[in-house]
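Here's the structure we're looking at; comments come further down.
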Amino acid sequence: MPSNPRWVRRPEGSTWGDFGADDQLGRLNLLTPAKVRQGIAEVREGKTFCLSLPLDRPGGKALNPRRGPPVLSPTGQAEKPRWNQCLCHDEAGLLDVACDDKVEIALQYSTQWDALVHVGAMFDADGDGVPEPVYYNGFRAGIDVPDASQAAASGRAFGALKLGIENAAAHGVQGRGVLVDLFGRFGETRRFVGYDDLMAVLDADRVEVEPGDILCLYTGFADMVMRMDGAPDPAVLANACAVLDGRDARLLHWITDSQIAAIAADNYAVEGLPARAFTGGANAAMPLHHHCLFKLGLPLGELWWFEALAAHLRAAGRNRFLLTAPPLRLPGAAGSPVTPIATV
């Protein structure tokens, strides 16, 4: 087991330390120059697809009461907002008319990447019998991830000092995407997809997933969101479309063994929440997030929009493409909006 100054024990089946004692990229380390070249080799037509929802979708707070849609407003003073501002009012003879704005945004409201700091766990990394709140690779709550009160007291800006989304942005998120069409198999019916279901779809559609690929799951959920036109029905969406079964141990083992670099899905949370009930012992409320973010350092993308890309790939008999999906380089953030581009 790799040595590490922050822990003497690592979670069973984790990759802590495998990419270095201070690694903050996790499985994104597998997005090597060779993987980028593999992605580029999939470009035959030069046709691009935007995989992002409009950032004001889903609309409202139907999916998560803590996250509302973005609020745009102009910069400048209220009595003199910099929007349709004619500079000739400030200096005669100027022709410019200026617009300048700002936004208040929940970073994980719409199409997004989760940063590795998004979900940690109570785990006895010290080996003293007492679990403490830690994140991927043993980075510590209260130290590497200061509380808001700690940041305020120290005069620092709020945010994580380690594992923030800026690490993924600086590394670059580009490589070969592989689309798995769960919608084509299961339609809009809610289904917890485990290992057997996933393998059946991969076999039927002749999908090959290789180390360093970014697994993209098309379930049809985002298509339903867009049809609701900013007024989502939470009762309908709560029972819609395929979701990964985070309690399926064989599925989790496959994610580990496949050595995929990341997972992106067009649904909320990638996995089914609430997760299937468990019996006995402590367990995670979000078992797939626990396995991917906390144990493997594998980023999760949510609420992507694959409808047009899926139709094109299906017609062409393909499932691979070049994926370019950098998050915002926003230091300390636990997630980021993203406008992914697929090139075929």
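Only heavy atoms go into these numbers, but all of them, side chains included; no hydrogens, no water, no symmetry mates. These numbers were taken from a predicted model, which means no experiment stands behind them.
Taking 4.5 Å as the limit, some side-chain heavy atom of Ile263 sits within range of a side-chain heavy atom of Leu298. Side-chain contact between Asn137 and Asp22: absent, with no pair of heavy atoms (C-beta onward) separated by less than 4.5 Å.
His312 and Phe49 have tilted rings, their planes meeting at an angle from 30° to 60° on a 0 to 90° scale.
Salt bridge status for Glu208 with Arg176: absent, with no side-chain N to carboxylate O gap under 4.0 Å. Classification of Arg250 and Asp245 as a salt-bridged pair fails, no side-chain N sitting under 4.0 Å from a carboxylate O. Residues Glu271 and Arg276 are not paired through a salt bridge, judged by the lack of any N-O separation under 4.0 Å between the basic side chain and the carboxylate. Note on Glu12 versus Lys295: no salt bridge recorded, every NZ/NE/NH1/NH2 to OD/OE distance being 4.0 Å or above. Between Glu42 and Arg37 no salt bridge is recorded (no basic side-chain N to carboxylate O distance below 4.0 Å). In this structure, Arg6 does not pair ionically with Asp126, as no charged nitrogen and carboxylate oxygen lie closer than 4.0 Å.
Side-chain contact of Gln77 with Lys80: a donor-acceptor pair under 3.5 Å is absent, judged by distance alone. Remark: the Arg247 side chain and the Asn283 side chain contain an N/O donor-acceptor pair separated by less than 3.5 Å. Side-chain contact of Asn319 with Asp205: a donor-acceptor pair under 3.5 Å is absent, judged by distance alone. No side-chain N or O of Asn267 forms a donor-acceptor pair with one of Trp304 less than 3.5 Å apart.
The backbone N or O of Gly17 lies less than 3.5 Å from no partner atom in the side chain of Asn4, so there is not a single donor-acceptor pair. At distances below 3.5 Å, not a single donor-acceptor pair connects side-chain atoms of Glu188 with backbone N or O atoms of Cys241. Judged by distance alone, with hydrogens and angles left aside, the side-chain atoms of Asn29 form a donor-acceptor pair with the main-chain N or O of Gly26 at under 3.5 Å.
Leu53 and Val243 fall into different hydrophobic clusters, where Ile, Leu, Val, Met, Phe, Trp and Tyr residues are linked whenever their side-chain heavy atoms come under 4.5 Å apart, directly or through other members. Under the 4.5 Å side-chain heavy-atom criterion for ILVMFWY residues, no single connected hydrophobic cluster contains both Leu179 and Trp305. Residues Val36 and Val43 fall within the same hydrophobic cluster, defined by Ile, Leu, Val, Met, Phe, Trp and Tyr side chains chained together at heavy-atom separations under 4.5 Å.
Across all their heavy atoms, Gln259 and Arg27 have their closest contact at CA-NH1, 3.1 Å. The minimum heavy-atom distance between Ala204 and Arg185, with the atom names listed, is CB-NH2, 3.2 Å.
With values rounded to the nearest 0.5 angstrom, Leu94 atom CG is found 6.0 Å from Leu87 atom CG.
Residue pairs meeting the side-chain hydrogen bond (donor to acceptor under 3.5 Å, both in side chains) criterion with at least one partner in residues 57-67, sequence neighbours excluded, are Arg57-Asp229, Asn64-Tyr268. Residue pairs meeting the ring pair (Phe, Tyr, Trp, His ring centres under 6.0 Å) criterion with at least one member in residues 60-90, sequence neighbours excluded, do not occur. Evaluation of the ring pair (Phe, Tyr, Trp, His ring centres under 6.0 Å) test over residues 146-201, restricted to residues two or more places apart or in two chains, returns Phe183-Tyr218.
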